[in-house]
Amino acid sequence: KKKNIFTGVHMTVASLFSDMILIGVFMLAGFFVREIVKPIQKLFLPASLIGGLLALILGQQMLGLVEIPESFSKFSNVLIAPIMAALLFGVTINKKKVVGYMDYICVEQGIYGMQMCVGAGLGALLAVIWPGLPKGWGTMGVFAFQGGHGNAGAAGQTYENLGIPGNMSIGMVLATFGLIMAMLVGMIVVNIGVRKGWTKFVKDAQKQPDWYYGGVLPDDKKTSIGNTVTSSIGINHLALQGGWLLGSVYVGRLLIKTVGLVWPGVSVLPSVIQGILGGAIVWNVAKAVKLDRYIDVKTIKHVSGFLLEVVVLTAMATLDIDLISTYIVPIVVYTAICCALTLAIALGFCKLFCKDEWFEKAIMAFGVGTGNTATGLALVRAVDPDSNSSAPDNHGVYSAVMCWKEAFAGLVPMWTMTGVGMTMGVGGAMFAICIIVGCILFVRPNKKTA
């Protein structure tokens with residue numbers, strides 16, 4: 001097997017600063033390429049992804065014009081914990097909304113279970129035809145399609161810690177393919193839905209203004225990235241919010257270390273789990289003791305977003321080109337099958353379960369089930385220009401209620417070390433439960449035929 005080209009890295013403060021300079025340069029390069037090449041904007045490919053691809057092309061694996069530091073391959077291992085911790089800040093559950101939006105929750109979580117089960121099985125099947133594929137590569141689909149590059153990076157990093165480096169590269173490619181499928185297929189479905197009269201708010205698909213995709217925002221569309229919560233005389237606002245985020249990672253590590261005194265096996269849990277546990281503990285304790293007034297969730301999300309951009313860029317810059325080029329066919333086949341099933345479930349069960357706005361909820365479910373929240377919102381916006389649809393709100397409640405599923409990014413790779421049976425079983429059970437619950441709650445027998 002080909003050895004990972006980036007190993008044995010020793011990082012100093014000076015080398016870290018040099019790395020961040022290079023990351024900044026490629027981030028800007030990716031941004032301006034995206035600004036100039038308009039078709040890229042319509043696919044919702046982020047600047048960090050484009051910048052990482054530029055670094056890959058210019059780096060030592062291809063043209064050799066720029067020396068990509070070995071430490072680039074290690075950023076995800078360090079940064080994924082605070083990224084995952086931030087997901088738990090601000091999570092509140094409104095019981096009334098949970099009940100009201102259960103139809104969408106059943107569909108979206110059903111898609112998640114299907115992708116976990118089918119993805120693991122399909123990956124194992126394709127690995128029989130292409131035996132050199134990394135172990136458990138099929139499980140990367142659910143994270144790449146459901147959580148985008150961030151979750152793909154989290155799962156890929158767990159695999160790397162378990163001695164399987166190739167899945168990080170496959171996850172990044174799958175996440176990119178998912179984004180492309182979300183927008184290309186999604187817009188085709190949107191136009192079909194409009195022609196068939198499935199949409200509630202418009203009679204034709206809306207073209208978004210240019211600023212929606214790129215360029216400078218109009219003055220009335222510019223928003224703040226956060227709100228200060230205390231005087232800057234005492235502490236810089238960003239430093240305070242960063243402290244909450246990093247402190248939650250410390251709490252997660254401390255918890256794992258403490259449990260390890262009783263149960264040594266807990267030490268195998270990846271940093272992803274540490275971040276999720278720490279974020280949940282710190283946020284809920286802060287709320288309980290009324291310290292959440294010192295937390296600005298919006299700023300924390302932006303800090304996490306910045307770290308995610310760094311992870312995406314560095315992961316793309318260190319893709320294993322030999323691996324991807326060798327196995328591009330099974331990756332494309334895998335993407336096509338999983339995305340086709342996702343579309344069928346989104347359309348079929350939203351129409352079956354949802355009494356109102358079934359099509360808007362279906363394209364939201366497809367968009368976030370193949371790309372990310374942004375692509376789902378973009379598809380809904382095309383048929384809801386005045387933001388009257390409840391589909392985005394449905395997904396917001398779903399994200400809060402099902403935030404626990406982020407732990408699978410750490411658990412599934414560990415299960416896969418002994419085979420795909422556990423992953424397929426859990427995914428299949430999740431899908432079955434969601435569909436059965438949906439049928440019980442939302443499918444009513446026709447009185448004439450009952």
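Throughout, numbering of the chain's residues begins at 1 and tracks the sequence.
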**Asked** Can you check side chain to side chain donor-acceptor pair (under 3.5 Å) on Gln241 and Thr299, steps first, answer last?
**Response** CA-CA 7 Å; Gln241 304 310 316; Thr299 300; 5.8 Å; no

**Prompt:** Stepwise, does the side-chain contact (heavy atoms from CB on, under 4.5 Å) test hold for Asp393 with Tyr101?
**Reply:** CA-CA 9 Å; Asp393 200 21; Tyr101 296 161; 2.9 Å; yes

**Request:** Output, in order, the C-alpha distance, side-chain angles, deciding distance and verdict of side-chain contact (heavy atoms from CB on, under 4.5 Å) for Val118 and Met424.
**Result:** CA-CA 7 Å; Val118 174; Met424 292 185 67; over 6 Å; no

**Request:** Report the C-alpha separation of Val412 and Phe143 in whole Å, then their side-chain angles, then the decisive distance to 0.1 Å, and conclude whether the side-chain contact (heavy atoms from CB on, under 4.5 Å) test is met.
**Result:** CA-CA 10 Å; Val412 167; Phe143 308 114; 3.8 Å; yes

**Request:** For Leu58 and Phe26, run side-chain contact (heavy atoms from CB on, under 4.5 Å): C-alpha distance rounded to whole Å, both residues' side-chain angles, the deciding distance at 0.1 Å, then the answer.
**Result:** CA-CA 11 Å; Leu58 297 176; Phe26 278 110; 3.9 Å; yes

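By the 4.5 Å heavy-atom criterion applied to side chains, Val33 and Ile40 are counted as neighbours. No side-chain heavy atom of Phe408 sits under 4.5 Å from any side-chain heavy atom of Thr423. Contact check for Phe353 versus Val107: side-chain heavy atoms found under the 4.5 Å cut-off. For the pair Tyr327/Ile170, no side-chain contact is recorded, criterion being any heavy-atom separation below 4.5 Å from C-beta on. Contact of the Asn394 side chain with the Lys361 side chain is registered, since non-hydrogen atoms from C-beta on lie closer than 4.5 Å. Looking at heavy atoms from C-beta onward, Phe431 lies in side-chain contact with Ile345 at the 4.5 angstrom threshold. Contact annotation: the side chain of Ile188 never approaches that of Leu184 to less than 4.5 Å [non-hydrogen atoms, C-beta and beyond]. You'll find the side chain of Asn167 stays beyond 4.5 Å of the side chain of Pro413, heavy atoms only.
Taking the ring centroids of Trp244 and Trp283, they lie at or beyond the 6.0 Å cut-off. Taking the six-membered ring where the residue is Trp, the centroids of Trp137 and Tyr159 are separated by 6.0 Å or more.
Distance alone, capped at 3.5 Å, places no donor-acceptor pair between the Asp292 side chain and the Ile295 backbone. Under a 3.5 Å cut-off, the side chain of Ser304 and the backbone N or O of Ile300 do not form any donor-acceptor pair. When atom types are taken as modelled, the side chain of Asn388 and the backbone of Asp384 share no donor-acceptor pair closer than 3.5 angstrom. A donor-acceptor pair under 3.5 Å links the side-chain atoms of Lys301 to the main chain of Ala86, judged by distance alone. Remark: the backbone N or O of Asp322 is not paired with any side-chain donor or acceptor of Gln61 at under 3.5 angstrom.
The shortest non-hydrogen separation linking Tyr398 to Gln109 is OH-OE1, 2.8 Å. Residues Pro330 and Leu126 come closest through the heavy atom pair O-CD1, 3.6 Å. Closest heavy-atom contact between Gly171 and Ala152: O-CB, 3.6 Å. Of all the heavy atoms in Thr314 and Val310, the pair that sits closest is OG1-O, 2.8 Å. Taking both residues in full, the closest heavy atoms of Ala182 and Thr370 are given as CB-OG1, 3.2 Å, listed atom of the first, atom of the second, then distance. Between Thr375 and Val368, the shortest heavy-atom distance links the atoms OG1-N, 4.5 Å.
Using a 4.0 Å cut-off between charged nitrogen and carboxylate oxygen, Asp356 and Lys200 count as a salt-bridge pair.
For Ser389, the side-chain hydrogen bond (donor to acceptor under 3.5 Å, both in side chains) test picks out Glu357, with sequence neighbours left out.
Rounded to the nearest 0.5 angstrom, Leu22 CG and Ile68 CD1 are separated by 5.5 Å. Of the inter-residue distances, the one linking Met430 atom CE with Lys405 atom NZ reads 9.5 Å to the nearest 0.5 angstrom. Atom OH of Tyr334 and atom CE of Met140 lie 9.0 Å apart (nearest 0.5 Å). Once rounded to the nearest 0.5 Å, the distance linking CD of Gln115 with OG1 of Thr342 reads 4.0 Å. The distance from atom CG of Leu56 to atom OG1 of Thr318, rounded to the nearest 0.5 Å, is 8.0 Å. Atoms CD and CD1, from Gln274 and Ile80 in turn, are 12.5 Å apart once rounded to the nearest 0.5 Å.
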Side-chain polar contacts of residues 433-440 - donor-acceptor pairs under 3.5 angstrom, sequence neighbours left out - could you list them?
none

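Surrounding CZ of Phe201 are more than 12 heavy atoms belonging to other residues, nucleotides or ligands, all under 6.0 Å away.
Below 30°, between 30° and 60°, or above 60°: for His395 and Tyr104 the angle between ring planes is above 60°, a perpendicular geometry.
At a cut-off of 3.5 Å, with distance as the only test, no side-chain donor of Glu360 or Thr199 sits close to an acceptor on the other residue. Defined by atom type and a distance below 3.5 Å, a donor-acceptor pair is present between the side-chain atoms of His149 and Thr176. Using modelled atom types, one finds no donor on one side chain facing an acceptor on the other under 3.5 Å when comparing Gln146 with Asn151.
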